[in-house]
**Q** 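One structure, as structure tokens, below. Some questions next.
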Amino acid sequence: MKKVSKIQIFTIGILTAITVSYPQEKEIKVELERLIKVRNEIKETYQKNQALLEQIKKEREELEKLKKQIEESQKKVSEERYKKLAKIFEKMDPELAGEKFSKMESAEDAAYILYNMNEKKAAAILNNTDPVMVNKIVKILSGLKKQNP
């Protein structure tokens with residue numbers, strides 16, 4: 001029988017190891033390809049989400065601008081409404097106007113109407129208004145004066 005050298009045994013061992021590990025290597029390659037594919041899908045999803053987030057931020061800013069415009073428009077409409085009502089109440093008899101103010105549900109509305117009136121006429125109306133309502137109106141008006149010096 002022929003004697004086998006150490007080099008031949010080593011070579012046979014390596015070939016055996018390669019042959020045995022080849023299926024594992026193939027599985028590793030398949031798994032690696034799958035992981036790369038998953039990573040790329042995650043990157044794409046992340047980029048899409050970033051783009052959506054930017055779009056949402058822009059739309060939110062636009063909505064905030066629209067909200068401010070609407071609020072400003074509503075404020076202007078309210079101011080105009082109070083000015084028109086102030087003109088109407090200025091033309092009324094102070095006693096009748098005082099009765100109307102006494103019966104108003106909203107002291108805030110009454111205060112805004114008086115705020116837009118001539119001071120002498122507003123004072124005459126307040127003289128004929130229920131004292132409880134006058135107190136509410138004065139509190140609101142004093143707050144308005146602090147805001148708008």
Side-chain angles (χ1 to χ4, degrees), residues 10-149:
F10 182 72
T11 305
I12 291 170
I14 289 177
L15 288 173
T16 305
I18 291 172
T19 308
V20 170
S21 68
Y22 181 73
Q24 290 175 347
E25 184 179 318
K26 194 173 184 180
E27 287 176 22
I28 290 171
K29 284 183 180 179
V30 169
E31 185 64 19
L32 184 62
E33 288 173 4
R34 188 186 72 76
L35 289 173
I36 289 171
K37 185 178 176 183
V38 168
R39 184 184 72 188
N40 289 338
E41 288 173 0
I42 290 171
K43 278 184 180 180
E44 286 177 26
T45 303
Y46 178 79
Q47 290 171 347
K48 287 178 184 176
N49 287 344
Q50 286 298 103
L52 282 173
L53 182 62
E54 288 301 314
Q55 183 180 355
I56 289 169
K57 285 180 181 178
K58 287 179 183 176
E59 288 177 5
R60 186 176 189 178
E61 289 173 4
E62 289 175 20
L63 287 173
E64 287 295 323
K65 288 178 185 177
L66 285 173
K67 181 182 174 186
K68 285 181 182 179
Q69 288 175 348
I70 290 170
E71 288 172 352
E72 288 173 11
S73 294
Q74 288 176 332
K75 186 178 178 182
K76 286 180 183 177
V77 167
S78 290
E79 287 174 0
E80 288 301 314
R81 186 177 125 239
Y82 289 127
K83 286 179 184 178
K84 286 180 181 178
L85 287 170
K87 286 181 184 179
I88 292 169
F89 275 97
E90 282 180 338
K91 293 177 183 176
M92 292 175 75
D93 176 61
E95 288 181 23
L96 180 61
E99 272 183 49
K100 300 289 182 191
F101 272 84
S102 297
K103 293 179 182 177
M104 281 189 178
E105 290 182 23
S106 171
E108 190 171 302
D109 285 342
Y112 283 115
I113 293 168
L114 284 167
Y115 182 77
N116 285 287
M117 291 178 72
N118 172 292
E119 288 180 11
K120 286 183 182 181
K121 292 182 180 183
I125 291 171
L126 282 176
N127 282 335
N128 292 290
T129 303
D130 177 58
V132 174
M133 180 60 107
V134 171
N135 287 337
K136 291 177 184 178
I137 292 171
V138 169
K139 283 181 185 178
I140 295 167
L141 287 174
S142 63
L144 286 176
K145 297 289 183 184
K146 289 178 187 176
Q147 291 175 1
N148 303 320

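Everything numeric here is computed off the predicted structure, so don't read it as measured data.
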**Q** For a quick test of reading the model, state the closest non-hydrogen atom pair linking V134 to L126 and the distance between them.
**A** CG2-O, 3.6 Å

**Q** So do the side chains of E80 and K83 get within less than 4.5 Å of each other, counting heavy atoms only?
**A** yes

**Q** Quick check for you: to the nearest 0.5 Å, what is the distance between T129 atom OG1 and K136 atom NZ?
**A** 13.0 Å

**Q** Supply the atom-to-atom distance Q74 CD to R81 CZ, rounded to the nearest 0.5 angstrom.
**A** 11.5 Å

**Q** I'd like to know whether CD of E31 has more than 12 heavy-atom contacts from other residues, nucleotides or ligands below 6.0 angstrom.
**A** yes

**Q** Quick check for you: to the nearest 0.5 Å, what is the distance between D109 atom CG and L114 atom CG?
**A** 11.0 Å

**Q** For M133 and A107, work out which heavy atoms get closest and say how close.
**A** SD-CB, 3.7 Å

**Q** Do the non-hydrogen side-chain atoms of E71 and K75 ever get within less than 4.5 Å of each other?
**A** no

**Q** Taking atom OH of Y112 and atom CD1 of I137, what is their separation to the nearest 0.5 Å?
**A** 13.0 Å

**Q** Do K76 and E79 sit within salt-bridge range, that is, some charged N less than 4.0 Å from a carboxylate O?
**A** no

**Q** For M104 and A110, work out which heavy atoms get closest and say how close.
**A** SD-CB, 3.6 Å

**Q** What pair of heavy atoms forms the shortest contact from F101 to I113, and how long is it?
**A** CZ-CG2, 3.7 Å

**Q** Output the distance between atom CD1 (I56) and atom CG (L63), rounded to the nearest 0.5 Å.
**A** 11.5 Å

**Q** Could you measure the distance from the NZ atom of K100 to the CG atom of D93? Nearest 0.5 Å is fine.
**A** 11.5 Å

**Q** Quick one, Y115 and I140 - any side-chain contact, counting heavy atoms below 4.5 Å?
**A** no

**Q** Say whether, by atom type as modelled, one donor and one acceptor occur between the side chain of E90 and the main chain of N118 under 3.5 angstrom.
**A** yes

**Q** Within a strict 4.5 Å, meaning less than it, do heavy atoms of the K37 and N40 side chains meet?
**A** no

**Q** Any side-chain heavy-atom pair from Q50 and L53 closer than 4.5 angstrom?
**A** yes

**Q** Does a donor on one side chain sit under 3.5 Å from an acceptor on the other, for E59 and Q55?
**A** yes

**Q** If I compare all heavy atoms of A86 with all of M117, which pair ends up nearest, and what's the gap?
**A** CB-CG, 3.5 Å

